[in-house]
Amino acid sequence: MCNNFRKELGKNIRKIRLDKKMTQETLCLESGISRSHIAMIETGKRDITISTLFKISRALKVDMSKIFCFDNIDLFKFDVEELYK
C-alpha cells in the first residue's frame with residue numbers, strides 16, 4: 001500500500017508541475033528542496049514529510065488537497081491482516 005501511495009502522490013506532483021510548465025529545477029528554486037529530492041519524490045522512491053509537501057504546494061501555488069486528489073482511491077485500501085503476516 002505505501003509504495004503505491006508514494007508513487008501516486010509523486011505522479012500527482014509531477015503532473016501538477018508539468019501542467020504549470022515548471023521544470024524540476026524551477027520547483028527546486030521555488031521550494032528550497034533539492035532537485036534530486038524532488039526527482040525521488042516524483043518517482044515514488046522517497047517518503048515525503050508534511051513540511052516538504054507544504055513547500056512543494058506553495059511553490060506550485062496549489063492547495064495541498066489537490067496533490068492528494070487520486071483517480072482510484074481503491075488502490076490504497078488498508079488491510080489490517082497484512083500487518084500480521
Between Leu27 and Leu18, is there shared hydrophobic-cluster membership here, with clusters defined by ILVMFWY side-chain heavy atoms closer than 4.5 Å?
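In one cluster: no.
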Do Met22 and Ile48 belong together in a cluster built from hydrophobic side chains that touch within less than 4.5 Å?
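Both belong to a single hydrophobic cluster.
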Apply side-chain contact (heavy atoms from CB on, under 4.5 Å) to Phe5 and Asp47, showing your working.
CA-CA 10 Å; Phe5 179 76; Asp47 280 325; over 6 Å; no
Euclidean distance, [Y] [atom2] relative to [X] [atom1], rounded to 0.5 Å:
X: Ile16; Y: Lys66; atom1: CD1; atom2: NZ; value: 5.5 Å
X: Leu9; Y: Arg46; atom1: CG; atom2: CZ; value: 14.0 Å
X: Lys11; Y: Glu8; atom1: NZ; atom2: CD; value: 4.0 Å
X: Gln24; Y: Arg14; atom1: CD; atom2: CZ; value: 7.0 Å
X: Ile33; Y: Thr52; atom1: CD1; atom2: OG1; value: 5.0 Å

Pairwise side-chain contact, [X] with [Y], heavy-atom cut-off 4.5 Å (strictly under):
X: Lys7; Y: Lys45; result: no
X: Ile41; Y: Ile56; result: yes
X: Thr26; Y: Leu29; result: no
X: Ile38; Y: Ser31; result: yes
X: Phe68; Y: Asp63; result: no

Intermediate values then yes/no, side-chain contact (heavy atoms from CB on, under 4.5 Å), Thr43 and Arg6:
CA-CA 8 Å; Thr43 57; Arg6 276 198 312 261; over 6 Å; no
Donor-acceptor pair, Arg35 side chain versus Glu25 backbone, under 3.5 Å?
no
Backbone N/O of Cys69 and side chain of Asn12: donor-acceptor pair under 3.5 Å
yes
NZ/NE/NH1/NH2 to OD/OE distance under 4.0 Å, Glu30 and Arg58
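Looking at Glu30 and Arg58, the cut-off is not met.
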